[in-house]
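Worksheet for the structure shown next.
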Amino acid sequence: MADRYLGFTGTAPGRFLTRRLGLPQPAPLRRWSPERPELDGGLLHLTAGKSDLDLAPVLARTGLGPDDTGRPAAVVLDASGIRDVDGLAAVHAALHPVLRSVAESGRVVVLGAPLDPTDHHQAAAQQALEGFTRSLGKEIGRGRTVNLVRLTDAPAAESTLRFLLSPRSAYVSGQVIGTGAYETPLPHDVDRPLSGRTALVTGAARGIGEAVAETLARDGAKVVVLDVPGAEADARRVAERLGGTALPLDITAADAGARIVEALPDGLDVLVHNAGITRDRRLVNMPAERWSPVLEVNLASVLRTTDALLAAGALKRGGRIVATASIAGIAGNAGQTNYGASKAGITGLVRALAPHALAGHGVTVNAVAPGFIETKMTAAVPLFIREAGRRMNSLAQGGLPVDVAETTAWLAHPASGAVNGQVVRVCGQSLLGA
Ligand SMILES: NC(=O)c1ccc[n+]([C@@H]2O[C@H](COP(=O)([O-])OP(=O)(O)OC[C@H]3O[C@@H](n4cnc5c(N)ncnc54)[C@H](O)[C@@H]3O)[C@@H](O)[C@H]2O)c1
C-alpha cells in the first residue's frame, strides 16, 4: 500500500499546506543502491573531552572523506571520555554549532563508553548521552538519524560504524548499540562479505524474509529460503532468483531442526529466524486457538530449532543468529498480548543465549525489532491505525523490508563479532517504546 502522504509532502503545494497545518514532514530517505553505496558528502569527526579511542583509521575506512564543504553527511562525536556532568557541556559545545549544517538523510553518531558500575558520576554522565541521543533523534528531522554506540575498542566497532554511517541504516534511529571487546574479524571479501557462507532465512517466501534473503545473497551468501509447504511455489521463485535453494518446511514441526540439519549437511553460517504470525484480539476475546499458534511460530519454534542446530554443531564457527523481535514486544500493543509476549520472549532468548553461544565459537546472537514496516502484514491493518503507525516515529514514515534486511546483513557480517546480545530496533525511532 503506497504511502500517498509521503508523495504529497514531496510536492511544493503539499509541503506548503502540511507545514501550515503543523502536520508531519517526512523526508524521502536515502537508501543503499549499487550506484550510490555511500552517503553524499563528508564526515565531521568531533571529540567532547579527552578520549582514548583510536578512531581515525576506522573512520578513514568508512568510505566518507573528511568534510570540506561545511555540509557534512555525517558527524561522529566521540564522547567516550566524559566522566562527569561538567564534561557534558562539551557535547553541547561540539554539536550546537554544526547541527544546522548536517545534510538531509545525514547521520549523527555519538560514541559513549560502557557505564562504570563503580563510578556513579561516570555512569550518570554516560547514561545522559542516551537521553541526549534519543531527544536529538526526535527533533533533528529531514531524514537525519541519531544513534549512540557504546564501545571500548574502535576496531571492534568498525562494522557497526560503517553501517550507521551509510545509507543502509536509513530507518535506524534513536538506538543505543553496545559493541564488545575486539575479536579478530574473520577474513572476508569487502564487496561480498558473506561469499562462501550459507544463510538460512525462515519465512522467506515473501515480505521482510524475502528482502533479508535478497540482501544476504547480494552480500554473497548462498541462501536457503525456508517457508511453509503451502508457500513452496513462492519460496522456489525467490530461491531461483537468488541462486539459492528452497526448503518447504513448517518451522513448528517437532523435527524441524533435524530436517534443517539433514538439508544442510555442511552446516550453516547465518540463521535468521524471521517467520512470524499475528492473531490479534484483546485478551478477553482471545480463545486459546488464537494464543497458541503465535507463541508456537514466533517463539517456541525459534527456541527449538536454535537448540537443535546448536546441539548438532550445525552452526559453524563465527556463526550468526539473528532473531526477529518487534516493538510490540518492547512497548506492548492493545490486541497483541500473544504477539507481544512472543516477541518479548525473543529478546529474553537473545540476551541469555548470547554470552554462551559466543563462548569459544565466535557465534553471535542478536535481534532486530522492526517497527512499522510496509508489508502485506501492515497493509491489512485498518486505515486509521495504519496511518498512525506510519507517522508516529521520528522519520514520520514507515520503513521498508530492505531496512530490516540491511540491519540483519550488518549483524550477519563476519566483522560484526563484537556485536552480541543486542536488540536493534528498525523503527525510525517509533514513539511506541521509544
Ligand atoms: N511488517 C511489520 O511491520 C513487522 C513489524 C514487526 C515485526 N515483524 C516481524 O517480521 C517478521 C516478518 O514479517 P512480515 O511482515 O514479512 O510477515 P509476512 O506475513 O509477510 O511473512 C511471514 C512469512 O513467514 C512464513 N511463515 C509463517 N508461519 C510459518 C511457519 N510455521 N513455518 C515457516 N514459515 C512460516 C509465512 O508463510 C510468510 O511467508 C515476522 O516475524 C513479524 O512478526 C513485522
Side-chain angles (χ1 to χ4, degrees), residues 1 3 171 200-215 224-239 246-257 259-260 263 271-280 292-302 304-305 322-333 336 338-347 349-350 367-381 385-386 388-390 392-393 397-405 407-408 423-428 430 432-433:
M1 187 79 55
D3 184 346
Y171 202 60
L200 178 118
V201 185
T202 70
R206 68 176 202 196
I208 295 173
E210 179 178 1
V212 170
E214 195 170 335
T215 304
V224 181
V225 177
L226 184 152
D227 213 299
V228 287
E232 185 173 349
D234 283 340
R236 290 208 180 284
R237 180 184 49 77
V238 173
L247 181 56
L249 177 64
D250 184 330
I251 202 67
T252 62
D255 64 346
R259 301 264 302 277
I260 293 171
L271 169 61
V272 182
H273 292 292
N274 162 81
I277 59 168
T278 51
R279 296 283 182 275
D280 298 356
S292 310
V294 172
L295 271 294
E296 253 310 297
V297 176
N298 298 3
L299 185 57
S301 72
V302 173
R304 256 196 321 267
T305 37
V322 183
T324 308
S326 165
I327 55 164
I330 297 169
N333 206 10
Q336 292 200 313
N338 51 358
Y339 185 77
S342 71
K343 294 300 190 179
I346 291 292
T347 303
L349 149 70
V350 162
V368 288
F372 185 99
I373 306 295
E374 305 279 358
T375 61
K376 279 192 180 143
M377 196 188 248
T378 47
V381 171
I385 301 175
R386 185 168 69 233
R390 265 182 185 145
M392 281 168 56
N393 59 76
Q397 59 196 288
L400 300 181
V402 72
D403 297 321
V404 183
T407 307
T408 305
V423 178
V424 182
R425 289 180 2 219
V426 186
C427 66
S430 170
L432 301 175

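Just so you know, ligand 1 is whichever comes first in the structure, and atom 1 is the first atom listed for that ligand. In this chain, residues are counted from 1 in sequence order.
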Ile373 contact mode with ligand 1 (heavy-atom cut-off under 4.0 Å): both
Non-hydrogen atoms of Ala239 and Ala246 that approach each other most closely: CB-N, 3.7 Å
Contact check: Thr324 vs ligand 1, nitrogen or oxygen atoms, below 3.5 angstrom: no
Polar atom proximity, Arg206 to ligand 1 (N or O, under 3.5 Å): yes
Residues Glu296 and Arg304 bridged, charged N to O under 4.0 Å: yes
Contacting atoms of ligand 1, where contact means under 4.0 angstrom from a heavy atom of Asp250: 30 (C), 31 (N), 32 (N)
N/O donor-acceptor pair under 3.5 Å between Arg390 side chain and Gly398 backbone: no
Ala204 N/O to ligand 1 N/O under 3.5 Å: no
Atom 30 (C) of ligand 1 - nearest protein heavy atom and its distance: Val228 CG1, 3.4 Å
Proximity to ligand 1 by part of Thr375, non-hydrogen separation under 4.0 Å: side chain
Atom 5 (C) of ligand 1: the protein heavy-atom neighbour that sits closest, reported with distance to 0.1 Å: Gly371 O, 3.1 Å
Side-chain donor/acceptor of Thr375 to backbone N/O of Gly207, under 3.5 Å: no
Minimum-distance protein heavy atom relative to atom 12 (C) of ligand 1: Asn274 OD1, 3.2 Å
Any Leu249 heavy atom less than 4.0 Å to ligand 1: yes
Heteroatom distance test (Asn298, ligand 1): nitrogen or oxygen, under 3.5 angstrom: no
pair Val201-Val225: side-chain heavy atoms closer than 4.5 Å: no
Heavy-atom side-chain contact between Leu200 and Ile260 under 4.5 Å: yes
Asn298 side chain near His273 side chain, heavy-atom distance below 4.5 Å: no
Whether Asp227 side chain and Ala235 backbone form a donor-acceptor pair below 3.5 Å: no
Any donor-acceptor N/O pair, Tyr171 side chain to Gly399 backbone, under 3.5 Å: yes
Main-chain N/O of Ile327 paired to Lys343 side chain as donor or acceptor, under 3.5 Å: no
Check: Asn393 side chain, Gln397 main-chain N or O, donor-acceptor pair, under 3.5 Å: yes
Verdict with reasoning, Thr378 to Ile373, per side chain to side chain contact (heavy atoms under 4.5 Å, CB included): CA-CA 7 Å; Thr378 47; Ile373 306 295; 5.6 Å; no
Taking atom 6 (C) of ligand 1 as the reference point, the nearest protein heavy atom with its distance: Pro370 O, 3.4 Å
Any N/O pair Ile251/ligand 1 closer than 3.5 Å: yes
Which residue and heavy atom of the protein sit nearest atom 17 (O) of ligand 1, plus the separation: Met377 CE, 3.8 Å
Nearest non-hydrogen protein atom, atom 8 (N) of ligand 1: Tyr339 OH, 3.5 Å
Polar contact flag for Val297 and ligand 1 (N/O pairs, less than 3.5 Å): no
Of the listed options Ala205, Ala275, Gly209, closest to atom 35 (C) of ligand 1 (non-hydrogen atoms): Ala275
Whether Ala256 lies under 4.0 Å from ligand 1, heavy atom: no
Heteroatom proximity flag, Lys376 to ligand 1, N/O under 3.5 Å: no
Within-cut-off N or O pair, Ile208 and ligand 1, under 3.5 Å: yes
Close approach, Lys343 and ligand 1, non-hydrogen under 4.0 angstrom: yes
Sub-4.0 Å heavy-atom contact, Ala235 with ligand 1: no
Side-chain heavy-atom pair Ile251, Thr305 within 4.5 angstrom cut-off: yes
